[in-house]
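Here the structure is laid out as structure tokens; the discussion comes afterwards.
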Amino acid sequence: MPLIDALLDDFFWRALIGGLGVALVAGPLGCFVVWRRMAYFGDTLAHSALLGVALGTLLQIQLSLGIAVVCIGLALLLVVLSRNRSLATDTLLGILAHSALAIGLVTLSFMPDVRLDLTGYLFGDLLAISRTDVAWIYGGAAVVLALLAWLWRGLLMSTIHEELAKAEGLPVERLRLGLMLMFSLVIAVAMKIVGVLLITALLIIPAATARRLASSPERMVGLAIVGGVIAVGGGLSMSWFLDSPAGPSIVVSAFLLFLLVYGLVREQRHG
Amino acid sequence: MSEALVTLDDVSVRLGGQNIVDHVQLTVSRGDIITVIGPNGAGKTTLIKAILGLQAISGGRIRRTPGLRLGYVPQHIHFQPTLPLTVKRFMALTGAAPAECRAALERTAVHHLYDSSIHHLSGGETQRVLIARALVRQPDLLVLDEPAQGVDVNGQAELYELIRELRDNLHCGVIMISHDLHLVMAATDKVLCLNQHVCCSGYPEQISHDPAFVELFGRHVADSVAIYHHHHNHDHNLHGDVVDNAPTETSHDHASH
């Protein structure tokens with residue numbers, strides 16, 4: 001397709017196309033973060049992403065792959081550690097989040113040959129994404145969306161009431177594992193866009209905005225995607241006209257949209 | 001003898017070094033309504049979770065009829081307000097056709113709430129929707145954890161009546177937990193009195209005279225429950241699972257513990 005090819009040649013359009021791809025998956029997964037109260041969990045996985053960058057650089061593999069692998073490892077570690085009830089989940093998440101971030105930073109400092117733009121990883125560097133990055137974003141998004149569509153009913157049911165879902169014969173543990181896998185993938189691809197510190201915002205702000213307007217879970221997902229698209233478009237425009245950093249600008253415009261919706265729309269009686 | 005749906009054979013559950021459920025023997029058959037009563041912390045919820053397969057057991061065995069379909073009505077379900085959900089969508093998540101969902105809601109007399117948000121239902125309405133949801137699955141065994149909680153007194157009697165009716169129409173087995181002794185004694189077939197172990201079990205008239213029951217709930221409660229029945233069973237030695245005059249081993253003296 002020559003048009004898309006031409007668009008991908010331009011850094012601004014490339015950023016926009018990449019950002020839209022992330023908004024596409026951040027919407028539905030953000031809804032699960034909001035529904036299952038997993039905001040801190042998302043943060044923890046995101047913090048470990050830097051370790052993934054170090055690992056990816058060390059092994060000379062695609063950085064997104066390194067990030068995804070580390071995120072999945074951390075998610076599994078969390079599952080194992082949370083069986084031990086002597087520590088509350090938020091304490092456990094706090095320990096792992098910051099330890100993973102610190103280990104990532106220390107590991108990177110041992111690799112003097114590698115010159116990494118740390119700010120880019122912490123806050124995102126959307127305007128610098130390459131064609132390969134765009135391909136990774138859309139590849140990851142396709143996998144996540146396909147998994148979501150396949151597991152939708154089970155995921156929704158186990159989110160509403162885990163024991164009821166289990167009593168009805170749904171494989172609750174495997175579904176939770178699937179959700180963690182999807183999170184790891186989304187964090188790996190969203191990292192370029194908004195960076196480690198702002199990924200959770202991109203997940204939860206559009207979903208929370210959509211809650212005010214939605215009367216069904218599916219509509220909430222749809223509206224969260226729309227909200228994410230508006231935030232990406234608005235943030236990039238802001239960055240273009242005001243010369244502000246792209247990642248934070250996207251989060252700022254998501255937040256403005258959230259304030260606008262909550263200011264204008266009264267709480268719904270239905271839904 | 002009707003078909004046994006679930007048989008618990010010497011089932012124990014240990015959690016954190018404590019016996020929560022201690023050597024329980026129990027059979028739930030098609031057509032039964034069994035109510036589990038007992039003080040707080042007696043292991044009632046743990047026991048039914050074991051029946052549902054939600055709680056791993058540490059001793060004994062549970063036999064379920066092959067292909068057993070379970071309908072579960074959990075205790076005070078909390079719907080996340082962040083997740084928009086209508087009764088219609090909640091019912092549809094069972095995978096049943098809309099017509100079946102409507103029919104089930106009609107059975108529990110809440111079909112007028114079909115399009116309502118699940119977050120705006122009263123306690124009694126929520127319970128009825130949950131029961132309807134369990135019904136859509138056409139269960140062989142209906143398991144209810146305190147179905148009357150958060151329901152007013154009139155509603156409670158109606159709810160127990162509904163459960164009886166459903167048992168008759170669907171010809172399923174029912175096992176539930178309840179706190180309301182008076183209603184249980186009036187509406188149930190069999191009572192299982194649990195305090196980690198099975199203190200006593202049997203028909204309501206029998207059980208209210210059982211020494212173990214009297215000890216657990218006190219003379220005052222036992223008497224008031226017995227009076228409620230009006231037709232006293234004059235053989236005060238009679239207790240346990242069987243109707244004949246022989247006392248059974250399901251009952252025992254608490255002093256021996």
Side-chain angles (χ1 to χ4, degrees), chain A residues 28-39 83-86 151-173 175 203-224 258 262 265 267-271, chain B residues 15-16 45-46 48-56 64 67-96 113-121 126 129-131 133-139 141-145 175:
Chain A
L29 276 182
C31 287
F32 279 105
V33 174
V34 169
W35 295 336
R36 297 172 81 118
R37 297 164 169 258
M38 290 168 77
R83 293 212 179 111
N84 175 357
R85 300 276 169 82
S86 59
L151 302 173
W152 183 252
R153 196 173 71 87
L155 280 174
L156 198 55
M157 195 53 225
S158 62
T159 301
I160 292 168
H161 198 277
E162 195 153 287
E163 288 198 324
L164 191 56
K166 202 174 168 189
E168 289 177 0
L170 289 167
V172 173
E173 279 84 15
L175 285 168
L203 286 169
I204 62 176
I205 298 177
T209 310
R211 174 61 187 102
R212 214 2 114 73
L213 304 165
S215 58
S216 79
E218 290 76 13
R219 225 167 284 171
M220 183 162 154
V221 165
L223 287 167
F258 169 82
Y262 271 69
V265 183
E267 197 168 351
Q268 301 209 323
R269 281 301 298 155
H270 296 284
Chain B
L15 289 173
T45 298
T46 310
I48 65 158
K49 280 189 179 165
I51 292 175
L52 287 163
L54 298 176
Q55 170 67 54
R64 300 180 183 85
L68 181 77
R69 260 200 306 268
L70 292 161
Y72 176 39
V73 179
Q75 190 181 11
H76 46 222
I77 186 165
H78 172 71
F79 291 103
Q80 278 291 342
T82 48
L83 202 164
L85 197 65
T86 58
V87 171
K88 177 182 169 182
R89 189 75 188 89
F90 184 53
M91 293 294 288
L93 276 174
T94 53
L113 299 172
Y114 193 56
D115 290 311
S116 307
S117 157
I118 206 113
H119 305 290
H120 299 138
L121 305 183
T126 306
V129 168
L130 286 172
I131 294 172
R133 196 171 184 288
L135 290 184
V136 158
R137 298 172 37 81
Q138 299 183 304
L141 178 63
L142 195 55
V143 182
L144 306 101
D145 193 348
I175 182 162

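Letters go in sequence order (proteins before strands), and every chain restarts at 1.
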Open item on the list: Rounded at 0.5 Å granularity, tell me how far CG in B:L135 sits from CG in B:L130.
Closed with: 11.0 Å
Task: Per-residue contact mode, A:R37 against chain B (heavy atom under 4.5 angstrom) - done: side chain
Open item on the list: To the nearest 0.5 Å, what is the distance between OG1 on B:T45 and CD on B:Q55?
Closed with: 11.0 Å
- [ ] Look up atom CG in B:L54 and atom CG in B:L70, then write down how far apart they are to the nearest 0.5 Å.
- [x] 9.0 Å
Open item on the list: Do A:W35 and A:R211 have side chains that approach each other closer than 4.5 Å (heavy atoms only, starting at C-beta)?
Closed with: no
Open item on the list: Under a 4.5 Å cutoff for heavy-atom pairs, which residue among B:I118, B:T94, B:L52, B:L93 has the most contacts with chain A?
Closed with: B:L93
TODO: Select, from A:K166, A:R219, A:E168, the one with the greatest count of heavy-atom pairs under 4.5 Å involving chain B.
DONE: A:E168
Task: Closest non-hydrogen atom pair, A:C31 against A:A224 - done: SG-CB, 4.0 Å
Open item on the list: Between B:F79 and chain A, with a heavy-atom cut-off of 4.5 Å, which part of the residue counts as in contact: side chain, backbone, both or neither?
Closed with: side chain
TODO: Considering only heavy atoms and a distance below 4.5 Å, find which of B:H78, B:K88, B:R89, B:R69 pairs most often with chain A.
DONE: B:R89
- [ ] Heavy-atom pairs under 4.5 Å with chain B are the metric here; pick the option from A:M220, A:R36, A:E163 that has the most.
- [x] A:E163
TODO: Mind checking the CZ-OG spacing from A:F32 to A:S158? Nearest 0.5 Å is all I need.
DONE: 7.5 Å
TODO: Pick one of side chain, backbone, both or neither for B:R133, based on which atoms fall under 4.5 Å of a heavy atom in chain A.
DONE: side chain
- [ ] Would you mind checking which part of B:K49 comes under 4.5 Å of any heavy atom in chain A, side chain (CB onward), backbone (N, CA, C, O), both or neither?
- [x] side chain
